[in-house]
Amino acid sequence: MTTASEAAALAPGGEARSGFSFTVGRRIDDGLGRTGRIDTPHGPIDTPAFVVVGTKATVKAVLPESIAAVGAQAVLANAYHLFLQPGPDVVDAAGGLGQFMNWPSPTFTDSGGFQVMSLGVGFKKVLAMDAAGVADDEVIAEGSTRLAHVDDDGVTFVSHLNGDRHRFTPEVSMRIQHQLGADVMFAFDELTTLKNTRAYQENSVDRTHAWAIRCLAEHRRLTAEREHKPYQALFGVVQGAQYEDLRRAAAGGLAALEVDGQSFDGYGIGGALEKENLGRICGWVSESLPEDKPRHLLGISEPEDLFAGVAAGADTFDCVNPSRVARNGAIYTADGRYNVTTAACRRAFTPLEEGCGCYTCTHYTRAYLHHLFKAKEMLASTLATIHNEWFTVRLVDSIRASIAEGAFADYRTEYLGRYLSGRR
RNA sequence: GGCAGGUUGCCCGAGUGGCCAAAGGGAGCGGUCUGUAAAACCGUCGGCACAGCCUACGUAGGUUCGAACCCUACACCUGCCA
């Protein structure tokens, strides 16, 4: 197979060192969704696609071979985590993230923006809490310690590993991400919670925009400085919480951004998204973004949300959920999600999901997985993760196929009808 | 044979007169998890006709208004001495 980096190098008339491009394929008739193809120096990604999360340069519990077997086209790691450990210089010296973790295909890195929120509010479900009646911008989970403090220039973190104090700014995040060397990077942004006030959200969107400008500038500088390295694409991240005007303004602002000829290669859609409004919010954003650039919906993977995201124009997704949930015994199937740890699976000598082609389902039974979880054996996490990642990757693959066949709407109705009714 | 300690709910283990159906842990059972501070967390955990009642802290008896807690006997276990 010819690698995309070679293809890019040979591409006639291509921009120097580009190696990154996006081609739109077929569109959904009555929606913003489309199929497409992202080309990166480490190969192509057919979209819509689910990107598997490997925060610390490893998809927890599984070998890269398994991730490839599951059908994953790309893996996403995290700048904050890799900055703390082992340090971006180590990853750089290793030849970049992909080389370091033995993942030859495309890689993404998140900027550390998510940690502005998760470490800032103290690691709780503040994201999903009801915003009604709350007028406090010092949002923090009960009984927790705030490990991150935001200001207009950046964020001060206290390492969750050893308490060391660190400072992230847009420039720092860009430098780290360039050292990590992923094919797609995200601009450093501030992710708010649904509990923040409207006034705070407005300021936050402005702050994220100001940071986006600084990210672009630093990205441009680093790209020139690291001329010998494969091109790394940079996606700007759209915030604006649940407010239509903020979302549209944020997206439009990022779309129009150009710093010394450098603009974003794609866009991330981020922030706290209420499940019910997810599709609508994505739609506002997609409408305000250029059609010829890819849109990545950050941190989303439940079936109904994937359909909603695709319908609203999202091209790629990433999420910790399939693997995290797997490690805790929850299994996704076309008929809903269930816990294999349940007594009903003790003597169920059937696959996790009937008809599934994944390694786990073709070799093991629910009863065996049940046993492994009960016995707290590591293999439980491994096998369950393989299944859930396969489930999620293949679901998005099948959504892509349905668009290509012009059957997205029917497929969505049919699939979710079964999935949601079978749900326990 | 003597001396000392012990016997608590499925298991381990606190509790030594009322606030004890009995702390805590484990197991069991159920659930949660959306840009990973997560191989984590939460709930439940004697029975029932459930703001109450019944059964329960080795067994049997006793003291007391009231006992897992005090006394007596018995059974079994553990350590030390012979």
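A note on names: the letters A, B, ... follow the listed sequences, proteins ahead of strands, and every chain is numbered from 1.
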If you measure from the [atom1] atom in [N] to the same atom in [M], how many Å do you get, rounded?
N	M	atom1	answer
B:C80	B:C29	P	41 Å
B:U64	B:U72	P	16 Å
B:C33	B:C48	P	31 Å
B:A68	B:A56	P	11 Å
B:G46	B:C10	C1'	11 Å
B:C11	B:C45	C1'	14 Å
B:A27	B:C76	C1'	26 Å
B:C19	B:A67	C1'	15 Å

Of A:His219, A:Lys229, A:Arg221, which is the lone residue that meets side-chain hydrogen bond (donor to acceptor under 3.5 Å, both in side chains) with A:His178?
A:His219

Starting at atom [atom1] of [X], determine the distance to atom [atom2] of [N], rounded to an integer number of angstrom.
X	N	atom1	atom2	result
A:Leu306	B:U34	CG	P	14 Å
A:Leu194	B:U34	CG	P	12 Å
A:Asp315	B:G35	CG	P	20 Å
A:Leu82	B:G35	CG	P	16 Å
A:Leu191	B:U36	CG	C1'	13 Å
A:Asn339	B:G30	CG	P	9 Å
A:Lys374	B:G30	NZ	P	7 Å
A:Tyr80	B:U36	OH	P	12 Å

Mind checking if [X] touches a base, just sugar-phosphate, or nothing, with heavy atoms under 4.0 Å?
X	result
A:Asp318	sugar-phosphate
A:Leu76	sugar-phosphate
A:Ala330	base
A:His81	sugar-phosphate
A:Ser323	base

Indicate, yes or no, whether a donor-acceptor pair under 3.5 Å links the base of [N] to the side chain of [X].
X	N	answer
A:Asp189	B:G35	yes
A:Gln239	B:G35	yes
A:Asp305	B:U34	yes
A:Lys60	B:U36	no

Are A:Phe349 and A:His370 an aromatic pair, judged by ring center distance below 6.0 Å?
no

Check: A:Phe235 ring centroid to A:His296 ring centroid under 6.0 Å:
no

Pairing check on [N]: which nucleotide meets the Watson-Crick or G-U wobble criteria with it, both distances under 3.5 Å?
N	value
B:C76	B:G6
B:C65	B:G18
B:G35	none
B:G43	B:C29
B:U55	none

Output yes when at least one side-chain N/O atom of [X] is less than 4.0 Å from OP1 or OP2 of [N], else no.
X	N	result
A:Asn328	B:C33	no
A:Arg337	B:U32	yes
A:Lys376	B:A27	yes
A:Gln115	B:G35	no
A:Arg324	B:U34	yes

Please compare A:Glu377 and A:Ile300 by the position of their nearest nucleotide in RNA chain B and report the one closer to 5'.
A:Ile300

Listed by chain and number, what are the side chain to side chain contact (heavy atoms under 4.5 Å, CB included) partners of A:His371, not counting sequence neighbours?
A:Tyr368, A:Ala375

Between A:Phe186 and A:Phe108, what is the ring plane arrangement, given parallel below 30°, perpendicular above 60°, and tilted in between?
tilted

For A:Thr55, what residues pass the side-chain hydrogen bond (donor to acceptor under 3.5 Å, both in side chains) criterion, not counting sequence neighbours?
none

Got a sec: does the CZ of A:Arg167 have more than 12 other heavy atoms crowding it under 6.0 Å?
yes

Enclosure of A:Glu291 CD (heavy-atom neighbours >12, cutoff 6.0 Å)
no

A:Ser381 has a side chain; which of B:A37, B:A39, B:U34 sits nearest to it?
B:A39

